[in-house]
> 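So that we are looking at the same thing, I have put the structure below in structure tokens.
FYI, side chains are in, hydrogens and waters are out, and symmetry mates aren't considered; it's all heavy atoms of this structure.
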Amino acid sequence: MATAPRVIISKRLVAVNSVSSVLARVVNFVVLLWVYQYLLRHLSAAEFAILPLVTSLMVFGPLFFSFFIGGIARYMVDAYAKDDIEGMRRVTSSLFPVLLGAAAVLLPAGLYFATHIDSVFNVAPGMVEQTRLMFTLLLLSFTFQTVIIPFTSAYAVSQRYYEKNLIDVARDLLRAGLTVALLVILGPSVFWVVVATVLAETCASLLMLARSFRIVPELGFEWRLFSVRLAREMTSFGFWTTLDRLGAILHTHAATLVLNLTGTPAEVTAYYIGATFFRQIESTIKLAAMPLLPVVTAMNALGDMDRLGAAVLRGGRYALWAALIVAVPLAIYSDIFVMLYTGPDYGITAWVIVLFMATFPFTQPTILLASTAMAMRRVREFFLPAFLFQILGFVLMLVFAQGLDLGAIGVTLALVAVTIGSQLAYFWGLCLRLTGRSFGEFAATTLLRGMLPAAVGAIAWTALRLAMPPETWGALITQGVIGACVYVLALLGLCLDLGEKRDLHHVIGRIRQWKPTA
């Protein structure tokens with residue numbers, strides 16, 4: 001049987017990469033929490049609403065490029081696992097000229113849109129020029145980051161996510177420092193958030209580019225290796241991942257644009273803050289699961305379907321544990337949290353948070369479904385239905401927001417209904433078909449053991465809130481920590497399998513034996 005000499009299937013490596021991914025995301029989230037609270041305290045809802053508008057518009061940029069870059073990780077990992085050096089360089093050499101051509105089309109179109117942005121969307125008086133400039137800066141930054149993607153894929157193919165995460169942490173710290181400095185020195189304005197973001201992203205991209213060539217020198221460019229066939233094949237593969245990206249945009253960001261046209265600035269802000277917590281939790285877990293893509297691809301390449309199926313079920317259980325330890329208390333304490341965080345003006349945010357948190361028990365069990373479909377080249381079966389479900393969600397958003405005038409709660413309710421319905425009606429079944437597992441095994445291994453700690457923790461958090469309703473940050477954090485301890489105890493005592501218990505005992509033994517060097 002063929003071997004994969006360069007892609008390492010190692011639980012330890014995956015764990016290191018995943019933990020570093022989570023830590024990187026936590027740093028980013030802490031920065032966002034402080035920045036948003038500062039701006040909400042110092043700016044009107046109309047001025048703050050410009051930031052959600054600009055950032056929501058910019059998420060459509062990846063759609064333009066995802067036709068070309070959607071399959072690069074899969075093709076690069078496949079060549080890397082087979083030690084096909086020329087194949088790797090053929091991938092980069094075939095993709096880079098295409099991305100340059102795409103950038104030559106996107107930039108003029110984006111700049112033209114920037115000059116007419118106030119003709120399409122509602123922009124606060126006096127903020128038009130700043131909005132145009134913010135959009136332009138983000139457009140230039142995003143285009144540069146995308147064009148160099150073929151030469152920064154070394155972190156994925158070599159599974160050095162931990163190093164990339166260190167760079168991400170440094171980027172977030174730089175962005176935080178720049179943001180604080182600009183806000184304090186030059187005054188509160190959403191414009192400085194964009195400036196700090198662009199500067200930090202550019203520095204991080206340049207560092208990643210330099211390091212990638214050191215990690216995987218094969219990431220060069222040669223005109224002789226340019227392949228129209230390969231470029232077309234990757235573009236075809238990327239078509240389906242493009243639908244996935246569009247679906248993700250419709251899932252959360254399109255609602256901001258709908259509310260901009262049909263609602264008030266306060267509703268835009270309330271939805272954006274509530275959706276931010278959801279996006280941060282979801283993206284953190286997806287980032288933690290990203291190191292498993294090369295592993296799943298390698299398992300499929302080697303025909304190791306038993307381990308692949310077990311990894312998918314185990315990944316869903318871990319994703320439930322990680323998501324619900326945050327989602328459950330956030331839902332239980334949502335009104336208190338929002339009051340402490342934003343004040344009384346954005347109380348509707350609490351309902352947005354509760355509705356979004358309710359989706360995690362349904363989405364996290366299939367966290368590795370997309371990676372599995374890509375590894376098995378069964379992308380159409382996943383991405384096309386996902387896109388169609390998201391289109392349905394977008395239609396419901398328009399109906400609830402404009403037709404029924406339900407505002408921020410309406411668009412959130414539309415997204416939640418479609419998300420839960422699609423998981424139960426299709427995606428859970430697709431996950432079982434691709435992995436060859438039964439629903440009974442899925443229910444026992446992933447659902448029951450994945451949700452049991454949340455049920456126990458919910459009882460603890462609810463009891464604490466009813467007995468001693470928290471009125472300060474200190475009381476809220478204290479109750480959150482107590483409930484989290486109950487959650488973890490339930491997880492360790494009731495939900496680990498024999499292999500996980502052995503791994504835990506091994507880690508504890510290593511910690512006990514560790515002695516600091518003099």
Side-chain angles (χ1 to χ4, degrees), residues 56 59 240-259 270-287 289 312 315-317 319-324 326-328 330-331 334 348-373 381-401 404 406-432 434 442-443 446-447 450-451 454:
S56 296
V59 300
W240 300 109
T241 59
T242 297
L243 291 184
D244 179 57
R245 289 174 180 265
L246 179 57
I249 290 170
L250 294 177
H251 187 68
T252 50
H253 291 282
T256 301
L257 306 182
V258 170
L259 290 173
Y271 172 82
Y272 182 74
I273 296 299
T276 294
F277 290 101
F278 167 76
R279 284 195 298 267
Q280 289 295 319
I281 298 172
E282 184 182 53
S283 61
T284 298
I285 296 172
K286 287 183 176 179
L287 196 62
V312 171
R317 182 168 73 250
L320 282 170
W321 290 343
L324 297 182
V326 180
V328 171
L330 195 53
S334 61
I348 195 175
T349 302
W351 286 106
V352 175
I353 291 175
V354 170
L355 288 172
F356 271 127
M357 295 305 106
T359 64
F360 284 118
F362 302 91
T363 59
Q364 299 313 297
T366 57
I367 186 69
L368 294 180
L369 178 56
S371 297
T372 304
E381 295 177 57
F382 175 81
F383 292 119
L384 180 57
F387 174 71
L388 295 177
F389 279 120
Q390 298 299 352
I391 287 291
L392 175 61
F394 181 70
V395 172
L396 287 179
M397 274 195 293
L398 294 175
V399 172
F400 287 2
L404 301 180
L406 296 179
I409 293 180
V411 296
T412 309
L413 186 61
L415 295 173
V416 170
V418 170
T419 298
I420 295 176
S422 64
Q423 290 292 332
L424 295 178
Y426 182 76
F427 291 114
W428 282 14
L430 176 62
C431 184
L432 298 180
L434 293 184
F442 175 66
T446 301
L447 299 181
M451 296 185 191

> Find out whether T412 and F400 are in side-chain contact, i.e. whether some heavy atom of one side chain is under 4.5 Å from a heavy atom of the other.
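A side-chain contact under 4.5 Å is absent here.
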> Report the residues that fulfil side-chain contact (heavy atoms from CB on, under 4.5 Å) with L398, sequence neighbours left out, ordered by chain and then residue number.
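Applying side-chain contact (heavy atoms from CB on, under 4.5 Å) to L398 gives V258, F394.
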> Less than 4.5 Å apart, any side-chain heavy atom of V312 and any of L369?
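No, too far: nothing below the 4.5 Å cut-off.
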> Closest approach of I420 and A358, non-hydrogen atoms and distance?
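Here I420 and A358 meet closest at CD1-O, 4.1 Å.
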> Do you know the tightest heavy-atom contact between V352 and A275?
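Closest approach of V352 to A275, heavy atoms only: CG1-N, 4.1 Å.
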> What distance separates M397 CE from L406 CG, expressed to the nearest 0.5 Å?
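The distance works out to 13.5 Å.
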> Rounded to the nearest 0.5 Å, what separation is found between the CG atom of L324 and the CD atom of Q364?
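Here the interatomic distance stands at 7.5 Å.
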> What is the minimum heavy-atom distance between G450 and L320, and which atoms define it?
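Scanning both residues completely, I find the closest heavy atoms to be O-CB, 3.6 Å.
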> Which heavy atom of G393 sits nearest to which heavy atom of V418, and what is that distance?
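Here G393 and V418 meet closest at CA-CG2, 3.6 Å.
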> For a quick test of reading the model, state the closest non-hydrogen atom pair linking T446 to G316 and the distance between them.
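Nearest heavy atoms, T446 then G316: CG2-C, 3.7 Å.
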> Rounded to the nearest 0.5 Å, what separation is found between the CG atom of L388 and the OG atom of S422?
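One finds 11.0 Å between CG of L388 and OG of S422.
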> With side chains defined as the heavy atoms from C-beta onward, is the minimum distance between E282 and F277 less than 4.5 Å?
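No, too far: nothing below the 4.5 Å cut-off.
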> Mind checking side-chain contact (heavy atoms from CB on, under 4.5 Å) for W428 and listing every partner two or more places apart, or none if nothing turns up?
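Checked W428 against side-chain contact (heavy atoms from CB on, under 4.5 Å); matches are F362, P365, T366, Q423, L424, F439, F442, L447.
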> Looking only at heavy atoms, which two atoms of F278 and M357 are closest? And how far apart?
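Answer, listing the atom of F278 first, then M357: CA-CE, 3.9 Å.
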> With W351, which residues qualify under ring pair (Phe, Tyr, Trp, His ring centres under 6.0 Å), at least two apart?
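Residues passing ring pair (Phe, Tyr, Trp, His ring centres under 6.0 Å) with W351: none at all.
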> Applying side-chain contact (heavy atoms from CB on, under 4.5 Å), name anything that partners A322, two or more places apart in sequence or on another chain.
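By the side-chain contact (heavy atoms from CB on, under 4.5 Å) rule, A322 matches I285.
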> Residues two or more places apart in sequence or in another chain: which of them pass ring pair (Phe, Tyr, Trp, His ring centres under 6.0 Å) with F427?
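If we apply the ring pair (Phe, Tyr, Trp, His ring centres under 6.0 Å) test to F427, skipping adjacent residues, the hits are F382, F389.
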> Which residues satisfy the side chain to side chain donor-acceptor pair (under 3.5 Å) test with T276, sequence neighbours excluded?
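Result, side chain to side chain donor-acceptor pair (under 3.5 Å) vs T276: R279.
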> Show your reasoning for whether side chain to side chain contact (heavy atoms under 4.5 Å, CB included) applies to I281 and L330.
CA-CA 11 Å; I281 298 172; L330 195 53; 4.3 Å; yes
> Given side chains that start at C-beta, do those of L415 and F356 come closer than 4.5 Å, heavy atoms only?
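Side-chain contact under 4.5 Å: yes.
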